[in-house]
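Okay, so here's the structure we're looking at.
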Amino acid sequence: MNQKKLVIRYPGGKQRILNFIMPFLLSREEITERYIEPFFGSGAVFFALNPARALLADINPELIDLYRGIRFAPLKVWEIYESFPATKKAYYEIRAIKPDGRDLAFKAARTLYLNRTCFKGMWRHNSKGEFNVGYGGQGRRWVINQEILKEVASKLKKMILKCSDFEEVINKSIEGDFIFVDPPYRPGEREMIHAHYIYLKFSYSEYQRLAKALRGASDRGVKWAMTISSHPDILELFSGNYIVPIPKGTGRKPGILTNDSGEVLVLNYRKEEPL
Ligand SMILES: C[S@@+](CC[C@H](N)C(=O)[O-])C[C@H]1O[C@@H](n2cnc3c(N)ncnc32)[C@H](O)[C@@H]1O
């Protein structure tokens with residue numbers, strides 16, 4: 001089943017352009033080994049593809065613990081999530097709780113609550129690694145329900161969830177694996193090229209590291225697909241692959257669809273555009 005609602009809100013998530021990108025990807029049946037997603041985020045592609053085996057990774061430990069918690073005890077996570085009060089004051093109190101040492105279900109419920117009630121579903125941490133996004137309201141809180149958590153738990157049941165940098169994950173891929181790559185970026189923004197920007201400081205040197213890891217994967221016969229900014233400096237790093245412009249996506253203003261998305265799909269294999 002194609003999951004319509006994702007459990008978390010995620011700026012830059014691929015949910016809104018799934019219809020465009022999915023036909024270019026390998027299907028569940030075509031993946032002979034594992035589906036690998038090294039920048040998991042809200043996992044829009046994973047949940048739509050529903051592969052038989054997967055390695056799902058992200059550098060954000062709170063995100064990985066959120067999925068581990070839901071997988072382990074979806075109903076307990078829901079119970080705690082439901083119990084958190086619906087006020088601005090409560091939001092800041094729950095945000096101030098140190099998650100270390102708490103059980104997995106509590107950590108997952110806290111992260112889910114913060115994600116669903118913070119400003120625009122943003123993820124931002126201060127220098128001490130503490131989540132510091134301000135309050136956004138309760139409007140997106142009850143869009144999810146316990147059925148969604150149960151479905152997420154069942155889809156994640158046999159999957160490997162790993163908190164890791166992308167390089168280690170990509171370097172361990174083998175022939176027969178299929179990797180979907182969606183690194184942090186913001187189409188058309190200069191900062192992306194020369195400085196640090198976006199979720200977790202993904203600078204130009206990170207793209208160089210990514211390009212190298214993906215070249216290694218190609219050499220091992222691994223197929224991969226990536227969504228990325230169409231900026232020439234970035235595209236040059238991935239030359240020699242197939243490039244499909246993405247006609248619509250999120251533009252400079254989060255949440256707004258534009259005709260010129262500034263994003264492309266890069267594939268290291270050929271798949272004809274479906275009719
Ligand atoms: C654009 S988001 C992925 C969105 C996802 N495809 C979706 O549909 O929701 C990029 C993700 O990369 C993660 N990330 C940033 N730097 C990373 C790194 N060095 N290694 C692995 N993950 C990283 C962020 O935590 C974020 O979740």
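Just so you know, ligand 1 is whichever comes first in the structure, and atom 1 is the first atom listed for that ligand.
- Counted by atom type alone, Ser42 and Arg9 present zero donor-acceptor pairs between their side chains at under 3.5 Å.
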Legend entry - Worked check of side-chain contact (heavy atoms from CB on, under 4.5 Å) between Thr117 and Arg140: CA-CA 7 Å; Thr117 58; Arg140 309 292 299 159; over 6 Å; no
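- Figure legend: Arg141 and Tyr81 shown as a cation-pi pair, the cationic atom lying under 6.0 angstrom from the six-membered ring centre and within 45 degrees of its axis.
- Residue Gly43 approaches ligand 1 through these ligand atoms, each under 4.0 Å from one of its heavy atoms: 7 (C), 9 (O).
- Near Gly13, meaning under 4.0 Å from any of its heavy atoms, are these atoms of ligand 1: 7 (C), 8 (O), 9 (O).
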Legend entry - Residues Tyr207, Phe238; criterion ring-ring contact (aromatic ring centres under 6.0 Å, His included); working and verdict: CA-CA 9 Å; Tyr207 288 102; Phe238 302 96; 7.3 Å; no
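- Nearest to atom 25 (O) of ligand 1 by heavy atom, out of Asn60, Asp182, Asp58, is Asp58.
- Heavy-atom proximity to Ala44, at under 4.0 Å, picks out these atoms of ligand 1: 8 (O).
- Side-chain polar atoms of Glu37 and Tyr35 form a donor-acceptor pair below 3.5 angstrom.
- Below 4.0 Å from some heavy atom of Ser164 lie the following atoms of ligand 1, by number and element: 20 (N), 21 (C).
- The cluster map of Ile, Leu, Val, Met, Phe, Trp and Tyr, joined by side-chain heavy atoms under 4.5 Å apart, puts Leu104 and Ile160 in different clusters.
- Look at Ala57 and you'll find every heavy atom at least 4.0 Å from all atoms of ligand 1.
- The aromatic rings of Tyr67 and Phe47 sit tilted, their planes meeting at an angle between 30° and 60°.
- For the pair Phe166 and ligand 1, the shortest N or O to N or O distance falls below 3.5 Å.
- Considering backbone and side-chain atoms together, Tyr10 places an N or O closer than 3.5 Å to an N or O of ligand 1.
- Figure legend: Arg102 and Phe106 shown as a cation-pi pair, the cationic atom lying under 6.0 angstrom from the six-membered ring centre and within 45 degrees of its axis.
- No N or O atom of Gln15 sits closer than 3.5 Å to an N or O atom of ligand 1.
- The shortest heavy-atom distance from Glu167 to ligand 1 is not under 4.0 Å.
- For the pair Trp123 and ligand 1, no heavy-atom separation below 4.0 Å is found.
- Remark: ligand 1 atoms within the under-4.0 Å shell around heavy atoms of Ser42 are 7 (C), 8 (O), 9 (O).
- Less than 4.0 angstrom separates some heavy atom of Glu37 from each of these atoms of ligand 1: 6 (N).
- Of the possible donor and acceptor atoms, none in the side chain of Asp177 sits under 3.5 Å from a partner among the backbone N and O of Trp224.
- The closest donor-acceptor contact from the side chain of Arg95 to the backbone of Leu114 lies at 3.5 Å or more, if one exists at all.
- Every atom of ligand 1 with a heavy atom of Lys14 under 4.0 Å away is listed here by number and element: 7 (C), 8 (O).
- Atoms of ligand 1 lying under 4.0 Å from any heavy atom of Gly41, numbered from 1 in the order shown and given with element: 9 (O), 27 (O).
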